[in-house]
Amino acid sequence: MATHPPNNMPRTPAQPPRKLRIVVVNTIVPDGGEHDAALAVQVMRGNALRIGLLESGYDIVASLPADIYLPDRIAQLQPDMIIIDAESDARDVLEHIVIASRDERRPIVLFTEDDTTSSMDAAMAAGVSAYIVAGLQAERIKPVLNVALARFRQEQKLLAELSETRHKLAERKIIDRAKGILMTHHRLTEDQAYQKLRSMAMNKNLKLAEIAQRILDVEDLLA
């Protein structure tokens with residue numbers, strides 16, 4: 001007879017989703033700098049961005065200036081996402097930001113008022129995931145970042161699939177070359193050469209492409 005645990009048994013609470021860790025790159029305004037008209041606008045943009053992020057539940061791990069130390073600091077902090085206010089001097093180090101994320105890919109969202117096609121093309125070519133024109137309002141931050149994150153994940157999935165396809169094609173070429181060597185040296189049919197490769201791979205506990213590469217290496221040495 002089946003038994004069921006009593007209803008008063010304690011349940012393990014579900015773990016809340018981890019907050020997205022974000023680094024913001026913009027101009028750090030010095031004390032008193034808000035009296036300058038241009039810097040005052042930058043302060044307003046920075047405040048809107050910060051409010052939008054905090055209200056949406058994101059974790060701002062750092063607000064960094066766009067200086068020569070930026071790539072190293074990003075590499076140390078390892079954020080989940082980088083947000084750039086391109087109306088600041090962050091535009092000048094955009095390429096360095098992308099380089100800092102080259103080995104550890106992450107979405108890069110750029111807010112700007114520049115709607116020129118050349119600027120957009122340059123930013124996207126550099127590796128920016130989302131180029132947002134005139135969208136730096138607190139209430140728009142969350143939907144914009146959700147779309148940017150979804151797009152980044154889809155792009156990464158497609159890149160992984162492309163890489164896997166290229167890898168399989170490269171292995172196929174290696175196997176075909178190894179079969180050709182076996183067919184020539186041992187006067188085998190293509191199917192016999194393939195079965196011989198399989199048998200050799202199983203005996204040595206190697207992948208088919210690995211044993212095929214060994215055959216190619218030996219052939220090169222003998223040549």
Derivation and outcome, side-chain hydrogen bond (donor to acceptor under 3.5 Å, both in side chains), residues Arg106 and Gln78: CA-CA 9 Å; Arg106 56 180 62 87; Gln78 291 294 302; 3.2 Å; yes
4.5 Å side-chain heavy-atom contact, Asp115 and Met120: no
Results of side-chain hydrogen bond (donor to acceptor under 3.5 Å, both in side chains) for Asp217 - residues two or more places apart only: Gln213
Hydrophobic cluster membership, Met200 vs Met183, 4.5 Å side-chain cutoff: no
Qualifying residues under side-chain contact (heavy atoms from CB on, under 4.5 Å), relative to Asp191, sequence neighbours excluded: Thr189, Gln195
Side-chain H-bond candidate by donor/acceptor type, Glu219 with His185, under 3.5 Å: yes
4.5 Å side-chain heavy-atom contact, Asp80 and Ile22: no
Closest heavy-atom pair and its distance - Leu70, Pro65: CD1-O, 3.9 Å
Listed partners of Ala48 passing side-chain contact (heavy atoms from CB on, under 4.5 Å), at least two apart: none
Criterion salt bridge (Lys or Arg N to Asp or Glu O under 4.0 Å) on Asp176 and Lys173, from CA distance to verdict: CA-CA 5 Å; Asp176 286 343; Lys173 290 180 179 180; over 6 Å; no
Distance-minimising heavy-atom pair for Ala212 and Ile174: CB-CG2, 3.7 Å
Ala193 versus Lys179, closest heavy-atom pair with distance: CB-O, 3.7 Å
Co-membership, hydrophobic cluster, residues Val24 and Ile51, 4.5 Å side-chain: no
Contacts of type side-chain hydrogen bond (donor to acceptor under 3.5 Å, both in side chains), residue Arg151, not counting sequence neighbours: Glu155
Option passing side chain to side chain contact (heavy atoms under 4.5 Å, CB included) with Leu145 (candidates Leu20, Leu53, Ile132): Leu53
side-chain hydrogen bond (donor to acceptor under 3.5 Å, both in side chains) against Glu210, all qualifying residues, sequence neighbours excluded: none
side-chain hydrogen bond (donor to acceptor under 3.5 Å, both in side chains) involving Gln156 - partner list, sequence neighbours excluded: none
Closest approach of Leu64 to Val23 (non-hydrogen atoms, all atoms of both residues): CD1-CG1, 3.7 Å
Lys157 side chain near Glu161 side chain, heavy-atom distance below 4.5 Å: yes
The single option from Val133, Ile141, Ile84 passing side chain to side chain contact (heavy atoms under 4.5 Å, CB included) against Phe111: Ile141
